[in-house]
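Structure, as structure tokens:
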Amino acid sequence: QVQVVQSGGGLVQAGGSLRLSCAASGSIFSRNSMGWYRQAPGKQRELVATITSGGSTNYTDSVKGRFTISRDNAKNTVYLQMNSLKPEDTAVYYCYASIISRLYWGQGTQVTVSS
């Protein structure tokens, strides 16, 4: 069983920064991709950022230039550095690890950005 455990999040004022982290453990295929979704109340789940095992990244347009996804392959850990946060970034953020044909999810963490 693959376990995905994330940490970080919290309350921050607009313009501030937070860093989320997420570690996958268990029976893991090394050439995996990882990333972050977020979901706000009343909104559809949105794919925020992805990163391949080789370090190639993609971002949704609304976070480009503000968020950075990175990973430590030795630890199977992915990070999301969030700068210049806006109230519209408020959501529950979920980490995932894509391993072979399955997605494994973290437990979610609340990010709240006050105006």
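Just the heavy atoms: all of them, side chains too, but no hydrogens, waters or symmetry mates, feed the values below.
- Side-chain atoms of Q39 never come within 3.5 Å of backbone atoms of V92 as a donor-acceptor pair (strictly under, hydrogens ignored).
- In this structure, the side chain of Q81 does not engage the main chain of I69 through any donor-acceptor pair within 3.5 Å.
- Between the side chain of Q6 and the main chain of Y93, a donor-acceptor pair closer than 3.5 Å is present.
- Applying the ring pair (Phe, Tyr, Trp, His ring centres under 6.0 Å) test to pairs two or more places apart or on separate chains, those with a residue in residues 34-61 are Y37-Y96, Y37-W105.
- The closest donor-acceptor contact from the side chain of T90 to the backbone of V113 lies under 3.5 Å.
- Linking ILVMFWY side-chain heavy atoms closer than 4.5 Å, directly or via other members, places V63 and L47 in two distinct hydrophobic clusters.
- Pairs of residues two or more places apart, or lying in two chains, never qualify as salt bridge (charged side-chain N to carboxylate O under 4.0 Å, His left out) while including a residue from residues 101-112.
- Considering only heavy atoms from C-beta on, V78 comes within 4.5 Å of C95 through its side chain.
- Using a 4.5 Å cut-off between side-chain heavy atoms of Ile, Leu, Val, Met, Phe, Trp and Tyr, with links allowed through other members, L85 and V48 fall into the same hydrophobic cluster.
- Once rounded to the nearest 0.5 Å, the distance linking OG of S33 with CD1 of I51 reads 10.0 Å.
- Between T57 atom OG1 and K64 atom NZ the span is 9.5 Å, to the nearest 0.5 Å.
- In the hydrophobic clustering of ILVMFWY residues, with side-chain heavy atoms under 4.5 Å counting as a link, I100 and Y104 come out together.
- Residues that satisfy the side chain to side chain contact (heavy atoms under 4.5 Å, CB included) test with D72, not counting sequence neighbours, are A74, K75, Y79.
- For the atom pair T52 OG1 and N73 CG, the distance stands at 8.5 Å (nearest 0.5 Å).
- T109 places a side-chain N or O within 3.5 Å of a backbone atom of G8 that can act as its donor or acceptor partner.
- For residues 40-49, the salt bridge (charged side-chain N to carboxylate O under 4.0 Å, His left out) pairs, not counting sequence neighbours, are R38-E46.
- With sequence neighbours left out, Q110 forms a side chain to side chain donor-acceptor pair (under 3.5 Å) with T112.
- Note on V111: it clusters hydrophobically with M34, by side-chain heavy-atom contacts below 4.5 Å among ILVMFWY residues.
- A salt bridge does not link D89 to K86: none of the charged side-chain nitrogens sits closer than 4.0 Å to a carboxylate oxygen.
- At distances below 3.5 Å, not a single donor-acceptor pair connects side-chain atoms of R71 with backbone N or O atoms of G54.
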Review item, side-chain donor-acceptor pairs of residues 10-25, under 3.5 Å, at least two apart:
unit_1, atom_1, unit_2, atom_2, d
S17, OG, N83, OD1, 2.8
S21, OG, S7, OG, 2.8

